[in-house]
Participant: 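Handing you a structure now.
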Amino acid sequence: MNFNERDVAFAGKLIRDGELVGFPTETVYGLGANALDTDAVKKTYAAKGRPIDNPLIVHIYDKSQIAEIASEINDFAVKVIKSVMPAPITIVLPKRDAISGVITAGLPSVAIRMPQSEEARRFLRAAGVPVTAPSANISGRPSPTTWQRVREDMDGKIAAVLCGAPCMVGIESTVLDLSRETPIILRPGAVSAEFLTSLLGVPVTVLNNPTSKVNSPGIRYKHYAPNVPMVLELDDNVEKLCDFYDLKVREGYNPVLWVKETARFGNRNLCEMGNDDASAAAALYETMRTLEKQYDFIVASFCWRKGSSYDGAESQGVLDRLMRACAHNVI
Ligand code: TXA
Ligand code: MG
């Protein structure tokens with residue numbers, strides 16, 4: 001469906017009728033369902049092949065909806081709602097009874113997000129109900145940042161996709177848990193820990209910070225992953241990257257180096273990571289989906305050094321997604 005008034009209104013009706021609709025947001029495309037219709041919400045898990053123990057985010061277009069979803073709004077939440085939202089942030093608060101355990105995976109808390117994207121809010125307003133929306137990808141695949149990628153994963157499984165603009169941010173929202181005594185980031189995104197720390201006046205950190213370089217093995221962490229093997233290098237070590245790439249060539253692979261400054265890598269298969277963390281984030285998932293079609297091994301590099309151009313608000317989010325995409329295989 002095109003992004004015009006008539007189609008947006010129709011998409012809103014589809015939601016009220018219990019159907020699934022793909023729609024644009026500033027982070028990634030979402031797969032919307034009527035949060036007040038448990039059968040509709042259940043369809044989301046089936047379409048994505050998503051484990052039912054992974055809860056969904058409830059999307060709103062007006063801050064007044066929060067009081068109907070959350071049972072308690074503490075001082076931290078008041079601050080975030082007032083001065084940050086709408087933004088690429090999701091807050092977790094204690095839930096009201098009206099919110100089904102199917103949405104929250106049985107948890108007593110609920111995740112709430114008010115997107116910044118004008119297109120997203122037009123769609124949500126047309127729906128007129130709170131809308132659950134995970135990223136509109138098959139579970140485990142890189143999230144879609146264009147409507148074409150939604151179609152790639154969801155064609156035949158959902159009622160419609162609203163064809164809006166490509167997503168500006170490119171990685172999923174920051175998930176900030178405000179249901180505990182101290183705020184904590186469950187998933188880093190474009191609204192940074194540093195920013196939230198200064199706003200809330202208490203240290204806000206990321207749970208299981210992926211930058212701690214613990215080489216956690218295991219498929220448990222694999223998520224947002226391309227369907228070819230991938231490794232990650234974190235020191236911008238040109239020699240190490242070239243050696244690894246050349247080894248893969250000798251093993252018979254057709255690899256690609258996904259790096260910041262391609263000029264330093266000679267005549268190898270190359271792809272640019274982006275000049276700063278914001279542009280790396282914007283292209284991240286789209287690039288994964290492109291590279292997996294052209295090559296059979298991805299050697300990525302992301303060096304997050306203080307003062308470098310990868311030191312901005314999106315840096316933790318990008319690193320988190322890359323770490324998951326390579327299942328923590330750091331070279
Ligand atoms: O940017 C985004 O947040 C996108 C767009 C579509 O808005 N949505 C998205 O949804 O990324 P999804 O389902 O792919 O990720 C939701 C995240 C998961 O990590 C989930 O575990 C967490 O939010 N979450 C949801 N409800 C929660 C809760 N009650 N407590 C803790 N975490 C929760
Ligand atoms: Mg997702």
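All values below come from the heavy atoms of this structure, side chains included, with hydrogens, waters and symmetry mates left out. We count ligands from 1, going down the list as the structure has it; atoms in each ligand are counted the same way.
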Participant: I'd like to know if the side chain of Arg187 and the backbone of Ser173 have a donor-acceptor N/O pair within less than 3.5 Å.
Facilitator: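 Looks like yes, one N/O pair under 3.5 Å.
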
Participant: Tyr310 ring centre to Lys260 NZ or CZ under 6.0 Å, with the angle to the axis within 45°?
Facilitator: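 Yes.
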
Participant: Could you identify the single nearest non-hydrogen protein atom to atom 21 (O) of ligand 1 and state the distance to 0.1 Å?
Facilitator: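 Atom 21 (O) of ligand 1 sits closest to the protein heavy atom Asn54 OD1, 2.8 Å.
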
Participant: Please write down residue, atom name and distance for the protein heavy atom closest to atom 10 (O) of ligand 1.
Facilitator: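 Going atom by atom, the protein heavy atom closest to atom 10 (O) of ligand 1 ends up being Pro134 CA, 3.4 Å.
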
Participant: Looking at every non-hydrogen atom in both residues, tell me the closest pair between Arg96 and Ala70 and how far apart they are.
Facilitator: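 Taking every non-hydrogen atom into account, NE-O, 3.5 Å.
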
Participant: What pair of heavy atoms forms the shortest contact from Lys43 to Gly18, and how long is it?
Facilitator: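 Nearest pair, atom of Lys43 first, then Gly18: NZ-O, 2.8 Å.
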
Participant: Counting only heavy atoms not in Arg151, do more than 12 fall under 6.0 Å of its CZ?
Facilitator: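 Atom CZ in Arg151 is not crowded, with 12 or fewer foreign heavy atoms closer than 6.0 Å.
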
Participant: Tell me which protein heavy atom sits closest to atom 8 (N) of ligand 1, plus the residue, atom name and distance to 0.1 Å.
Facilitator: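 Minimum-distance protein heavy atom for atom 8 (N) of ligand 1 reads Ala133 O, 3.6 Å.
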
Participant: Going by the atom numbers of ligand 1, which of them fall below 4.0 Å from some non-hydrogen atom of Arg113?
Facilitator: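 What qualifies from ligand 1 is 1 (O), 2 (C), 3 (O), 5 (C), 7 (O).
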
Participant: Apply side-chain contact (heavy atoms from CB on, under 4.5 Å) to Phe265 and Cys242, showing your working.
Facilitator: CA-CA 7 Å; Phe265 294 90; Cys242 290; 3.7 Å; yes

Participant: Report the C-alpha separation of Thr197 and Val202 in whole Å, then their side-chain angles, then the decisive distance to 0.1 Å, and conclude whether the side-chain contact (heavy atoms from CB on, under 4.5 Å) test is met.
Facilitator: CA-CA 6 Å; Thr197 297; Val202 293; over 6 Å; no

Participant: Any idea which atoms of ligand 1 are less than 4.0 Å away from a heavy-atom of Leu186?
Facilitator: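 Going through ligand 1 atom by atom, the ones under 4.0 Å from Leu186 are 31 (C), 32 (N).
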
Participant: Output the list of atoms in ligand 1 that are nearer than 4.0 Å to some heavy atom of Gly30, sorted by atom number.
Facilitator: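 Reading through ligand 1 atom by atom, the close ones are 6 (C).
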
Participant: Within a distance under 4.0 Å of any heavy atom of Ser135, pick out the atoms of ligand 1 and give their elements.
Facilitator: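 Answer, ordered by atom number: 8 (N), 9 (C), 10 (O), 12 (P), 14 (O).
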
Participant: Counting each atom of ligand 1 from 1 as listed, which ones have a heavy atom of Thr27 under 4.0 Å away?
Facilitator: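 Contacts of ligand 1 toward Thr27, numbered from 1: 1 (O), 2 (C), 4 (C), 5 (C).
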
Participant: With a cut-off of 2.8 Å, does Ser135 place any N/O/S atom under that distance from the Mg ion (ligand 2)?
Facilitator: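 Within the cut-off used here (under 2.8 Å), Ser135 does place an N, O or S atom near the Mg ion (ligand 2).
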
Participant: For a side-chain contact (heavy atoms from CB on, under 4.5 Å) check, start with the C-alpha distance between Met1 and Leu14, then their side-chain angles and the critical distance, and finish with the verdict.
Facilitator: CA-CA 12 Å; Met1 285 194 292; Leu14 286 172; 4.2 Å; yes

Participant: Could you tell me if Gln316 and Ser192 have a donor-acceptor pair between their side chains, going purely by distance under 3.5 Å?
Facilitator: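 No pair is found: no donor N or O on one side chain lies under 3.5 Å from an acceptor on the other.
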
Participant: Could you check whether any heavy atom of Ile57 sits closer than 4.0 Å to an atom of ligand 1, since that is the contact criterion I want to use?
Facilitator: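 The answer is yes, since Ile57 has a heavy atom less than 4.0 Å from ligand 1.
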
Participant: Just jot down the ligand 1 atoms closer than 4.0 angstrom to any heavy atom of His59, in number order.
Facilitator: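 Selected atoms, number and element: 5 (C), 6 (C), 7 (O).
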
Participant: Within ligand 1, which atoms have a heavy atom of Ser173 less than 4.0 Å away?
Facilitator: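 Listed by number with element, the hits are 1 (O), 2 (C), 3 (O).
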
Participant: Ser135 side chain to Asn137 main-chain N or O, any donor-acceptor pair under 3.5 Å?
Facilitator: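 A pair under 3.5 Å: no.
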
Participant: Side chain, backbone, both or neither: which applies to Lys95 and ligand 1 if a contact is any heavy-atom pair less than 4.0 Å apart?
Facilitator: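 The answer is neither; Lys95 stays 4.0 Å or more away.
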
Participant: Passes side-chain contact (heavy atoms from CB on, under 4.5 Å), Glu172 versus Tyr224? Steps please.
Facilitator: CA-CA 11 Å; Glu172 302 86 348; Tyr224 320 103; 3.1 Å; yes

Participant: Could you tell me whether Met114 approaches ligand 1 through its side chain, its backbone, both or neither, with non-hydrogen atoms closer than 4.0 Å?
Facilitator: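 Neither part.
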
Participant: Could you check atom 27 (C) of ligand 1 against the protein and tell me its nearest heavy-atom contact, residue, atom and distance included?
Facilitator: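 Closest protein heavy atom to atom 27 (C) of ligand 1: Pro55 CG, 3.4 Å.
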
Participant: Aromatic rings His59 and Phe23: how do their planes relate, parallel, tilted or perpendicular, breaks at 30° and 60°?
Facilitator: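 Aromatic pair His59/Phe23 classed perpendicular.
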
Participant: How far is atom 15 (O) of ligand 1 from its nearest protein heavy atom, and which residue and atom name does that atom have?
Facilitator: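 It is Arg187 NH1, 3.0 Å.
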
Participant: Can you name the atoms of ligand 1, numbered from 1 with element, that are less than 4.0 Å from a heavy atom of Leu107?
Facilitator: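 Counting from 1, the qualifying ligand atoms are 28 (C), 29 (N), 30 (N).
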
Participant: Test of understanding: given a 4.0 Å heavy-atom threshold, classify the contact between Val92 and ligand 1 as side chain, backbone, both, or neither.
Facilitator: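 Near ligand 1, Val92 shows its side chain, while the N, CA, C and O stay back.
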
Participant: Report the part of Leu31 (side chain from C-beta onward, or backbone N, CA, C, O) that has a heavy atom under 4.0 Å from ligand 1; answer both or neither where that applies.
Facilitator: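 The answer is neither; Leu31 stays 4.0 Å or more away.
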
